[in-house]
Amino acid sequence: MALLEVKNLHAKVLGREILKGVDLTINPGEVHAIMGPNGSGKSTLASVLAGRENYEVTDGTALFNGKDILDLSPDERACEGLFLAFQYPVEIPGVSTSYFLKAAVNAIRKYRGEPELDAMDFLKLIKEKMKLLEMDQSFMNRSINEGFSGGEKKRNEIFQMTVLDPQLCILDETDSGLDIDALKIVSQGVNALRNSTRGILLVTHYQRLLNYIVPDFVHVLRDGKIIKSGDKSLALELEAKGYGWLENAA
Amino acid sequence: MTQMAQANDQRKKQALHTPIVGPDYGSKWLADFREAAVNLFNRIGYPKADDEQWRFINLSPITQTAFQPVVEPGAVPPAELARFSLADRGFYELVFVDGLFSPALSSSRGLVGLIEFHNFKDAVGGHSERIGRYLGHELPTISNGFAALNAAGFADGMFLYLPAGVAVDKPIHILWITTAHRRPVVVFPRLLINACSQSQATVMQTFASLNSDHPVLTNAATEVISGRDSQLELIAVEREAPQAFHITNQAIHVHAGANVQTLAFNSGALLVRNNLNVHLAEPFAQATINGLTISSGNQRVDNHTTLDHASENCPSHELYKTLLAGSAAGVFRGKILVRPDAQKTDSKQTSKTMLLSDQAVMNSQPQLEIYANDVKCTHGSTTGPIDDEQLFYLQSRGVSEVQARSLLTYAFAGDVLNRVLNPAAREYLSQLTSDCLHQLHIDAVGS
Ligand SMILES: Nc1ncnc2c1ncn2[C@@H]1O[C@H](COP(=O)(O)OP(=O)(O)O)[C@@H](O)[C@H]1O
Ligand SMILES: [Mg+2]
């Protein structure tokens, strides 16, 4: 069974149609990249899949592990195993990262019928993951993303992703705002998550990230529709010729 | 109705509300004190509907109800006492039931000998005279009908005298608990604190009432004299029954170098009005005044504060936070008065409100009156809903909506809680806040 099966997805934001019939199938173990010019609807697709309010799905379906997720709340989708790493992670002053993350881990464990982690087990888990992403311990005591640099925020997203161990990871422009060293660390973190059961959807404007996280499939989204799909060579072609090239092809 | 007829009607209504006069316990000063208060009330009456300071609050449920004084204090079921008692949390505790001191329910061991404390009713001779000397000393700075009614009517009260240089090792909890009665009753809690120079203490009052079919009116008054270089933390926790009315007048006189910090925590009652007047009387007196209100349903909470800068070099900070759900309505009026002598005043006022429903409303306004030229006064006020982006972020990681809302509202309240100086008080208030918020979200979201 496909991990994610999106069919003919139409969605509106503030009454305006942004997604105009997206089809996308991701099987376990696959890494897909969605590329496209700014404003083509990449973040909208990610948001609709994660369940953001104010995005109205007007047509189509999205099955996750065979289950229709469009009627689930964002937290239920997360508990089902979906994770969205935000393009612009929000700052949440006054909520400590560790408290929040423990609540998230245990909410998901509870949903799966697993016993909740106690403080000790949780600490062990996050220490291990922090090492992987070369993060400082002090970071756990800080408020979520408060005062973080752009790069730190992105790293925090990937860190949370590795802790929550989702089945489908959607990464929205994770590479933007990262310098080359940070990009390598983040890519390492993502690559470490690659396995035969997990699916990864990389949303990116630039090809750069795909040098570090090599996708199995590349799709081009334009004006709310996937207009071309191929393998990783498509990304290189786009890089060389620009999105204008496809306009003519389409 | 003609204006004349209206005025007549008004007079009749007020005639119906002759002040309740409490006993004088054989003391001349108290009889005089009561008489002065009755005269004051007869002159000024209840605040009028067009009084600028009171126009946001509908007092008619109070002024048109025949509240009776409590004749015989009721019994407090142990489970109810346990809900409000902080004796097990490391507080000294002085308990008043229906306005009267209950030594049996109090836990004051260790406090005797450290400070002096006397309830008004049982204070005799020199102690009584001393109470008479201080009582009403500060409260005239708040001149309204409710303060006058309290002075005329209180059945008992507490006097805390902190000798010079004494640092009280544990926070002092004064629990005012009103039991259920078969008619509307009024209680007049009254606290008087004289903190001598360099003394230090945290004093928390809890105003609680047990569920009853009839409304309770708590009309409380607190007077504090904070001596030179003293440090006082004064916390008022309002946890009244849902149908209660709660009015407080609090006046604090701050001497040179003294540092006073207050917190007004409001979670219960149908209608709450708090008046706070802090008089920074001498150089380098400091005040930090905080508020935290959590309201829902049809609750009305009105916080009026005055920071009266009467001397130079006095810093003051004010932070009032309000969370409103359901159809709750809040009012914040923060007056900063900088008198001509109060040069180098440094005052910062902040009022922040989080609206948790479309029906909730807040009215927040600073009021600056500045008569000195070399001063720094800033104020800011914000009102808005929970941030949807933040909510989505937390939920997208698996946290339920109720829990996400709890986290975000708790974070909002956190600024105020973090300011609480005494650790035991902070821990208790944090727990209380978290419980109140959780309940609020469960009611709102349904879960
Ligand atoms: N919350 C929103 N409110 C208003 N317009 C939006 C919102 N989200 C997206 N849009 C609009 O939808 C279109 C697609 O945006 P987006 O999905 O962010 O594109 P991309 O991620 O590909 O750059 C843009 O025209 C954008 O202005
Ligand atoms: Mg985008």
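Between Gly398(B) and Ala78(A), the shortest heavy-atom distance links the atoms N-CB, 3.3 Å.
Proximity to chain B is absent for every atom of Asn106(A), based on heavy atoms less than 4.5 angstrom apart. Using a 4.5 Å cut-off between heavy atoms, Ile144(A) contacts chain B through its side chain alone, with no backbone atom that close. Neither the backbone nor the side chain of Glu80(A) comes within less than 4.5 Å of any heavy atom in chain B. Only the side chain of Gln403(B) comes within less than 4.5 Å of a heavy atom in chain A; its backbone stays farther off. Both the backbone and the side chain of Arg52(A) come within contact range of chain B, with heavy atoms under 4.5 Å apart. Residue contact with chain B, scored on non-hydrogen atoms closer than 4.5 Å, is absent for Tyr111(A).
Side-chain contact between Arg397(B) and Phe83(A) is present, with at least one heavy-atom pair separated by less than 4.5 Å. In this structure, the side chains of Tyr410(B) and Val95(A) stay at 4.5 Å or more apart for every pair of heavy atoms.
Residue Tyr88(A) places its OH atom among 12 or fewer non-hydrogen atoms of other residues, nucleotides or ligands, all under 6.0 Å distant. For Glu56(A), the CD atom counts as densely surrounded, since its 6.0 Å shell holds more than 12 non-hydrogen atoms of other residues, nucleotides or ligands. At most 12 non-hydrogen atoms from other residues, nucleotides or ligands lie less than 6.0 angstrom from OH of Tyr99(A). Heavy atoms of other residues, nucleotides or ligands lying less than 6.0 angstrom from NE2 of His438(B) number 12 at most. Counting heavy-atom neighbours within 6.0 Å of Glu53(A) CD, excluding the residue itself, gives a total of 12 or less. Other residues, nucleotides and ligands contribute over 12 non-hydrogen atoms within 6.0 Å of the NZ atom of Lys42(A). More than 12 heavy atoms of other residues, nucleotides or ligands shown are found within 6.0 angstrom of CG on Asn195(A). Open room surrounds CG on Asp358(B); 12 or fewer heavy atoms of other groups in view lie less than 6.0 Å from it.
Atom OH of Tyr393(B) sits about 4.5 Å away from atom CG of Asn145(A), to the nearest 0.5 Å. Taking CG of Leu49(A) as the start and OG of Ser396(B) as the end, the distance is 13.0 Å to the nearest 0.5 Å.
For the set Ser73(A), Gly51(A), Ser47(A), the count of heavy-atom pairs under 4.5 angstrom toward chain B peaks at Gly51(A). Chain B forms more heavy-atom pairs under 4.5 Å with one residue of Ser143(A), Pro74(A), Gly94(A), Pro166(A) than with any other, namely Pro74(A). When each of Pro89(A), Ser96(A), Ala104(A) is scored by its heavy-atom pairs under 4.5 Å with chain B, the top score falls to Ala104(A).
Shown are Leu407(B), Leu394(B), Asp387(B); of these, the side-chain contact (heavy atoms from CB on, under 4.5 Å) with Ile92(A) is made only by Leu394(B).
Note: Phe86(A) and Phe392(B) have perpendicular aromatic rings, judged against thresholds of 30 and 60 degrees for the angle between ring planes.
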